[in-house]
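Have a look at the structure below, then the notes.
Residues: numbered from 1 along the sequence shown. All values below come from the heavy atoms of this structure, side chains included, with hydrogens, waters and symmetry mates left out.
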Amino acid sequence: MGQHANLYKRAVWHKQLRPAQLAKQPLCVYCQRKGITTQATVVDHIVPHRGDVALFTDPNNLQSLCKPCHDGEKQATEARGYSKACGVDGWPLDKEHPMWKDDFK
């Protein structure tokens, strides 16, 4: 969370945004993409808010993840710029993956 941790202390996060998101999407979206069913425990911002309150409170910018996906794959994806996750067919799920670039087609 870093320097914007104070946003997560707000009532709107604990009483509205987080519970509403987990009720709407109780399963980890990353696991579901891989054909796995896992209960979500973390509400994640799809686009990092970096302290932008409007982006922080936008319910359309939220997704539900399990803790291992949030702390591992999601953070690595943000650092790398694309996800290395593959579907059951073995192909990368993220269209930003180098495999989907013109050089590989």
Side-chain angles (χ1 to χ4, degrees):
M1 278 187 266
Q3 62 186 357
H4 307 297
N6 61 327
L7 292 174
Y8 293 93
K9 294 177 184 176
R10 293 182 174 193
V12 69
W13 178 254
H14 288 284
K15 296 185 183 210
Q16 293 175 14
L17 294 168
R18 186 177 188 282
Q21 176 60 33
L22 290 173
K24 178 177 83 175
Q25 193 176 60
L27 301 177
C28 174
V29 296
Y30 278 27
C31 286
Q32 284 185 300
R33 289 180 197 151
K34 295 181 265 184
I36 302 167
T37 301
T38 307
Q39 180 180 359
T41 56
V42 177
V43 174
D44 175 65
H45 290 87
I46 299 165
V47 175
H49 60 83
R50 294 184 181 19
D52 179 331
V53 176
L55 199 54
F56 178 84
T57 57
D58 180 358
N60 295 315
N61 188 38
L62 300 177
Q63 65 184 349
S64 301
L65 300 176
C66 65
K67 186 159 176 53
C69 283
H70 177 267
D71 293 356
E73 184 178 340
K74 170 65 192 251
Q75 290 182 7
T77 296
E78 286 182 3
R80 186 183 315 107
Y82 64 89
S83 172
K84 294 191 327 183
C86 294
V88 293
D89 60 1
W91 286 93
L93 296 168
D94 188 345
K95 295 301 179 189
E96 295 301 316
H97 191 285
M99 187 64 148
W100 295 112
K101 300 302 178 190
D102 287 336
D103 294 347
F104 290 97
K105 290 182 182 175

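- To the nearest 0.5 Å, atom CG of residue Leu27 and atom CD1 of residue Ile36 are 12.0 Å apart.
- Scanning all heavy atoms of the two residues, the minimum distance from Val43 to Leu62 falls at CG1-CD2, 3.9 Å.
- By the side chain to side chain contact (heavy atoms under 4.5 Å, CB included) test, Arg80 is found to be paired with Ala76, Thr77, Tyr82, Lys84, residues two or more places apart in sequence or in another chain being considered.
- Pairing each heavy atom of Asp52 with each of Ala54, the nearest pair is OD1-N, 2.9 Å.
- Criterion: ILVMFWY side-chain heavy atoms under 4.5 Å apart, direct or through other members. Under it, Val12 and Val53 are part of a common hydrophobic cluster.
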Sequence neighbours excluded and cut-off under 3.5 Å, please list the side-chain donor-acceptor pairs for residues 17-24, or say none.
residue : atom : partner : partner atom : Å
Arg18   : NH2  : Thr41   : O            : 2.6
Gln21   : NE2  : Gln25   : OE1          : 2.7
Gln21   : NE2  : Ser64   : OG           : 3.1

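- Legend: residues meeting side chain to side chain contact (heavy atoms under 4.5 Å, CB included) with His14, ordered by chain and number and at least two apart, are absent.
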Got a list of side-chain donor-acceptor pairs under 3.5 Å for residues 90-99, not counting sequence neighbours?
residue : atom : partner : partner atom : Å
Asp94   : OD1  : Glu96   : N            : 2.8
Asp94   : OD2  : Ser83   : N            : 2.7
Glu96   : OE1  : Lys101  : NZ           : 3.4
His97   : ND1  : Met99   : N            : 2.9

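- Remark: Gln63 pairs with Asp44 by the side chain to side chain donor-acceptor pair (under 3.5 Å) rule, at least two apart or across chains.
- In this structure Val88 satisfies the side chain to side chain contact (heavy atoms under 4.5 Å, CB included) test with no other residue, sequence neighbours excluded.
- In terms of the side chain to side chain contact (heavy atoms under 4.5 Å, CB included) criterion, residue partners of Pro48 (sequence neighbours excluded) are, by chain and number, Arg50, Glu78.
- Each side chain to side chain donor-acceptor pair (under 3.5 Å) pair with one or both residues in residues 28-40, not counting sequence neighbours, appears once here: Lys34-Glu73.
- The salt bridge (Lys or Arg N to Asp or Glu O under 4.0 Å) analysis of residues 62-71, with sequence neighbours excluded, yields the pairs Lys67-Asp71.
- The list of ring-ring contact (aromatic ring centres under 6.0 Å, His included) pairs with a residue in residues 51-78, not counting sequence neighbours, reads Tyr8-Phe56, Trp13-Phe56, His45-Phe56, His49-Phe56.
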